[in-house]
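Remarks on the structure that follows.
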Number of protein chains: 2
Amino acid sequence: MTDGYHHGNLRAAVLKRAAEVIEEEGPHSFSLRSLAADLGVSHTAPRHHFGSREGVLNAIATEGFLILAERLRDNREAGGDFLETGVEYVRFAVDHPAHFQVMFTPTLLNARDPELAAARTAAFDELVTGADTVAEAAGDEPAAVVGGWSIVHGIATLALTGNLDSSGVRSLFGDADLIDITRRSAGLLFASPSPRE
Amino acid sequence: MTDGYHHGNLRAAVLKRAAEVIEEEGPHSFSLRSLAADLGVSHTAPRHHFGSREGVLNAIATEGFLILAERLRDNREAGGDFLETGVEYVRFAVDHPAHFQVMFTPTLLNARDPELAAARTAAFDELVTGADTVAEAAGDEPAAVVGGWSIVHGIATLALTGNLDSSGVRSLFGDADLIDITRRSAGLLFASPSPRE
DNA sequence: GGTGGAAAGTTGCCAGTGTAAAGATTATGG
DNA sequence: CCATAATCTTTACACTGGCAACTTTCCACC
């Protein structure tokens with residue numbers, strides 16, 4: 001379908017390239033014009049698919065929430081407990097660092113986008129559902145939900161921003177990868193020993 | 001000292017105004033030119049104090065790490081335990097949301113700035129020192145350090161980005177403020193009942 | 001098989017931004 | 001009193017996002 005004039009699949013190409021750029025340089029320095037140049041199209045071509053720069057970021061966030069919701073659902077249906085839900089959360093952040101960053105930076109997004117709102121709600125509902133299975137045992141159910149979410153969100157955020165490394169804390173774990181670190185750290189929250197396979 | 005030509009205290013005024021703007025609209029949309037216009041100086045005046053836009057952000061991050069290190073040290077010297085260290089961490093994020101955001105977004109910063117590196121190291125050392133006091137009791141010391149830091153960092157990040165509200169999770173706590181939520185949630189990590197005063 | 005929209009992409013323009021060099025103004029130490 | 005440094009301004013340039021008008025291609029319909 002690429003005829004020299006029409007790109008063929010510009011929307012998907014923009015999302016893919018945008019995620020690469022954001023992963024490398026952060027969302028603030030991502031430019032529609034240099035993105036279009038990378039893809040060999042004019043600087044206004046992406047506007048026909050996304051409307052604006054904010055539209056691209058909204059699309060990335062929406063895509064991210066949909067992927068996260070799907071992963072959490074798959075994990076729940078496969079019988080994964082709450083700790084495994086948290087591990088899956090961190091794994092998503094590692095696999096899709098650009099999406100994760102954009103999803104949780106609301107100043108980059110248009111909160112009134114209904115598609116984004118729906119995708120976010122789906123992911124958050126799945127997260128809280130996963131928490132309910134263990135929250136009753138913790139004595140303080142709301143605290144268990146916030147604690148579980150916060151600890152894995154904190155691990156993901158600190159790891160992605162490099163602060164786990166620059167603080168020297170990561171080296172305390174030797175050569176353990178981030179998933180192992182997550183199991184050991186988040187495992188403390190509910191005093192359930194971390195399963196290692 | 002304000003003589004109509006020289007501002008008198010431009011450096012401090014820029015830092016103050018920049019923090020306000022970043023708190024309201026995020027660091028990506030903070031502009032040196034509109035900042036200078038707000039302060040009634042030419043758009044290049046801040047460059048003589050900070051060198052570049054990145055220089056302003058570095059200065060904010062440095063200031064933030066110094067304030068955080070001071071707070072954590074004061075808390076430790078006042079006999080605060082590790083939970084109280086975490087509460088102080090969240091309190092800092094609430095009191096200085098712009099600083100917190102910039103401090104933990106390394107793509108905004110120049111990592112080779114020695115002043116920034118020194119301030120960051122001071123804050124992180126203080127944080128790990130606070131963790132050591134309780135980590136031995138947790139069985140897995142590195143996991144306790146990462147777990148404690150991550151849970152309060154996660155709470156602060158999710159709260160500042162509005163995700164605790166938009167997910168509906170915060171309403172589970174009624175009208176409790178974020179500090180109470182922190183005590184209850186982070187308190188679960190070490191199975192020590194949360195003190196309420 | 002034309003034909004008339006609709007979709008996709010391009011060109012040209014404007015306002016706003018960060019950075020840089022060079023000049024103007026004021027403070028300060030000898 | 002004067003030279004020098006610090007501070008601030010002016011002017012200029014390259015880059016960015018958004019907008020309007022135009023061109024090319026696709027597609028559905030008669």
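To find a chain, count down the sequence lines: A is the first, B the second, and so on, and within it residues start at 1.
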Legend entry - R71(A): partners by salt bridge (charged side-chain N to carboxylate O under 4.0 Å, His left out), with sequence neighbours left out: E88(A), D95(A)

Legend entry - E20(A): partners by salt bridge (charged side-chain N to carboxylate O under 4.0 Å, His left out), with sequence neighbours left out: K16(A), R17(A)

Legend entry - Residue list, ring-ring contact (aromatic ring centres under 6.0 Å, His included) with F124(B), at least two apart or on another chain: F65(B), W149(B)

Legend entry - H96(A): ring-ring contact (aromatic ring centres under 6.0 Å, His included) partners, not counting sequence neighbours: F92(A), H99(A)

Legend entry - Candidate nucleotides dC8(D), dT19(C), dG9(C), ranked by approach to the side chain of H43(B) - the nearest: dT19(C)

Inset, instruction - Look at the side chain of R47(A) and decide which nucleotide, out of dC8(D), dC19(D), dA20(C), has an atom nearest to it. - result: dC19(D)

Legend entry - Whether F104(A) and H153(A) hold their rings parallel, tilted or perpendicular, with breakpoints at 30° and 60°: perpendicular

Inset, instruction - Write out the stems for DNA chain D, ordered by first number and formatted as range with range, counting runs of at least 3 consecutive Watson-Crick or G-U wobble pairs under 3.5 Å. - result: C:1-30 with D:1-30

Inset, instruction - Could you state the atom-to-atom distance from CG of D38(B) to P of dT17(C) in whole Å? - result: 10 Å

Legend entry - Close approaches to DNA chain D from residues 23-37 of chain A, in residue order (heavy atom, under 4.0 Å): F30(A), S31(A), L32(A), R33(A)

Inset, instruction - Check DNA chain D against residues 48-58 of chain A and give the residues with a non-hydrogen atom under 4.0 Å, in numerical order. - result: S52(A), R53(A)

Inset, instruction - Kindly write out the residues that satisfy side chain to side chain donor-acceptor pair (under 3.5 Å) with S31(A), not counting sequence neighbours, or none if the list is empty. - result: S34(A)

Inset, instruction - Output all residues satisfying side chain to side chain donor-acceptor pair (under 3.5 Å) with T161(B), sequence neighbours left out; order by chain, then residue number. - result: N163(B)

Identify all side-chain donor-acceptor contacts of residues 169-177 of chain B below 3.5 Å with residues at least two apart in sequence or on another chain.
| from | atom 1 | to | atom 2 | distance (Å) |
| --- | --- | --- | --- | --- |
| S171(B) | OG | G168(B) | O | 2.7 |
| D177(B) | OD1 | I179(B) | N | 3.3 |
| D177(B) | OD1 | D180(B) | N | 2.9 |

Legend entry - side chain to side chain contact (heavy atoms under 4.5 Å, CB included) partners for D125(B), two or more places apart: T121(B)

Legend entry - Pairs involving residues 100-112 of chain B, ordered by first then second residue, that meet side chain to side chain donor-acceptor pair (under 3.5 Å) (sequence neighbours left out): none

